[in-house]
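Worksheet: the structure to be examined is printed underneath.
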There are 2 protein chains.
Amino acid sequence: MGRPTKPILSRGRICAAALAIVDQDGLAELSMRRLARELGVQVSSLYEHVKTKDDVLNEVANTIMEDVEVSGFETGDWRHGVASWARSYRAALAAHPQIVPFLAYGPARREASLRRADAVHGGLVGAGWPPRYATLIGASTKYLVIGSAMSSFAGGFDDDVQVYVERYPHLAGAHRLRGRAGVIDRDSFELALEMFLDGLTALHARVAAPPEPAGP
Amino acid sequence: MGRPTKPILSRGRICAAALAIVDQDGLAELSMRRLARELGVQVSSLYEHVKTKDDVLNEVANTIMEDVEVSGFETGDWRHGVASWARSYRAALAAHPQIVPFLAYGPARREASLRRADAVHGGLVGAGWPPRYATLIGASTKYLVIGSAMSSFAGGFDDDVQVYVERYPHLAGAHRLRGRAGVIDRDSFELALEMFLDGLTALHARVAAPPEPAGP
DNA sequence: AACGGCTTCCGAACGATGTTCGGTCACCCA
DNA sequence: TGGGTGACCGAACATCGTTCGGAAGCCGTT
């Protein structure tokens with residue numbers, strides 16, 4: 001068949017199609033052959049634009065991370081900065097829950113993530129947190145977000161809930177909330193974040209450096 | 001070759017070997033063929049004792065979860081109960097970091113996890129927490145543990161750190177702590193847990209039911 | 001205007017994976 | 001003593017990610 005008059009593929013189109021498949025049918029359903037079929041093309045053609053399957057997934061991951069906001073450190077105090085970072089981080093993952101298991105493999109290595117980690121660290125230090133605390137707070141917040149995205153209630157319980165309800169009395173009430181799993185997810189995350197920040201606020205008063213004086 | 005005089009395989013031996021492989025060489029290195037080779041046996045023989053590869057991994061996961069302790073609710077107040085649960089949960093995962101990505105796929109569905117979720121929920125309600133808060137606190141704590149286990153297992157930063165150090169000034173100090181990554185992980189988790197519990201303690205005073213009166 | 005090289009897609013193949021199926025033979029109970 | 005069940009083997013299947021040689025449209029050069 002040879003070269004087509006107008007290019008069919010591009011790195012962007014491939015990654016977009018990959019994300020669509022993952023969003024719709026899950027990470028396990030993404031294969032290079034499926035991807036090619038979806039794009040009306042043969043498998044080997046993909047490798048002209050993309051190095052490996054992992055390459056595709058990494059690009060998709062980076063794209064998703066672009067939506068994470070760290071600008072809150074400029075428009076408010078450190079608490080507002082952390083909170084808005086955490087919420088937009090979680091929102092970005094929640095928008096594509098199926099890819100989270102892949103994301104979690106090495107988020108720190110990703111370019112976009114690193115840029116944000118730097119901003120967070122800087123924002124915290126600027127607010128008087130000792131550098132070591134800044135590191136810990138950044139990591140802790142990430143734990144919350146990743147943990148929330150990974151073990152979200154929504155994926156936890158599936159259809160055959162009845163079995164458990166009978167066997168574990170204390171959980172019966174909790175299970176009745178199924179279907180509203182998304183709400184529990186959000187509320188749990190919010191509770192964890194607020195309690196964490198409450199605790200940090202008290203700690204900040206004890207360990208933070210005094211604000212920089214105005215002039216020399 | 002036919003039937004051997006003494007059985008070579010058993011479900012237990014297979015799962016133990018699987019865990020050994022995963023611990024030593026990672027989740028990606030676990031294949032049925034490798035597993036068979038390690039046990040001095042042919043691949044198809046495994047399927048006499050085990051339904052699928054996922055079956056093996058699930059059994060391994062359950063085994064690991066057995067080490068999680070929820071007895072803290074009987075030996076102390078709710079705060080002690082949550083803290084000791086969270087710590088033993090994290091310790092169990094940290095003992096086998098390579099399997100965490102698999103674990104995180106559906107921990108709530110697992111038998112052992114459910115039994116513990118029930119105990120935690122009961123312990124919290126018994127301490128006066130409204131049932132809904134008990135659910136949220138259980139989920140939040142799990143977020144912390146899973147998130148901590150996930151993003152620490154990933155190794156976060158790897159060898160070619162130099163690149164990032166130059167590019168992201170605020171992270172330079174944080175990177176110098178590499179090699180002590182394990183310490184940062186533990187400290188971050190402890191900080192998050194303590195701050196979270198501090199926040200909850202204040203909340204408990206506002207929303208908890210009064211303790212049950214002694215007699216009628 | 002003809003040609004040569006680069007780009008882009010195709011077809012077939014490779015090795016590895018999870019799983020299945022029919023065969024073989026030792027053990028144990030009748 | 002014989003037959004059935006249990007435990008291992010060998011070969012095969014479909015699927016996966018990836019590679020490689022070939023075909024053919026496009027563009028710049030001569």
Short heteroatom pairs, N/O only, protein and nucleotides 28-30 of chain C, under 3.5 Å:
none

Gap between atoms [atom1] and [atom2], on [X] and [N] respectively (whole Å):
{"X": "Asp55(B)", "N": "dT19(C)", "atom1": "CG", "atom2": "C1'", "answer": "13 Å"}
{"X": "Leu46(B)", "N": "dT17(C)", "atom1": "CG", "atom2": "C1'", "answer": "14 Å"}
{"X": "Gln42(A)", "N": "dA23(D)", "atom1": "CD", "atom2": "P", "answer": "17 Å"}

Residues that [X] engages under side-chain hydrogen bond (donor to acceptor under 3.5 Å, both in side chains), provided they are two or more places apart:
{"X": "Asp25(B)", "result": "Arg34(B)"}
{"X": "His49(B)", "result": "none"}
{"X": "Asp23(B)", "result": "His96(B)"}

side-chain N/O His49(A) vs dC9(C) OP1/OP2, d < 4.0 Å: yes
Counting just side-chain N and O atoms, does Ser45(A) come under 4.0 Å of either OP1 or OP2 of dC10(C)? yes
State, to 0.1 Å, how close Ile146(B) and Tyr89(B) come at their nearest heavy-atom pair, and which atoms those are. CD1-OH, 3.8 Å
Taking all non-hydrogen atoms of both residues, which atom of Leu144(A) and which atom of Tyr143(B) are closest, and how far apart? O-CB, 4.2 Å
Lys/Arg N to Asp/Glu carboxylate O, [X] vs [Y], below 4.0 Å:
{"X": "Arg79(B)", "Y": "Asp198(B)", "value": "yes"}
{"X": "Asp55(A)", "Y": "Arg11(A)", "value": "yes"}
{"X": "Glu190(B)", "Y": "Arg87(B)", "value": "yes"}

Can you sort out which residues in residues 5-23 of chain A have a heavy atom within less than 4.0 Å of DNA chain D? Ascending by number, please. Thr5(A)
Of the options Asn58(A), Val56(A), Leu35(A), which is the one that meets Cys15(A) in a side-chain contact (heavy atoms from CB on, under 4.5 Å)? Val56(A)
Just by distance, no angles: are the side chains of Asp187(B) and Tyr133(A) close enough, under 3.5 Å, to form a donor-acceptor pair? no
For Gln42(B) and Ser44(B), which I'm curious about, is there any donor-acceptor pair between the side chains at under 3.5 Å? no
Please list, pair by pair, any protein nitrogen or oxygen found under 3.5 Å from a nitrogen or oxygen in nucleotides 16-18 of chain D.
unit_1, atom_1, unit_2, atom_2, d
dG17(D), OP1, Lys53(A), NZ, 2.8
dG17(D), OP2, Met32(A), N, 2.8
dG17(D), N7, Arg33(A), NH1, 2.6
dG17(D), O6, Arg33(A), NH2, 3.0
dT18(D), OP2, Tyr47(A), OH, 3.1
dT18(D), OP2, Lys53(A), N, 2.8

At under 4.0 Å between heavy atoms, what does Glu48(B) touch on the DNA or RNA strands: base, sugar-phosphate, or nothing? base
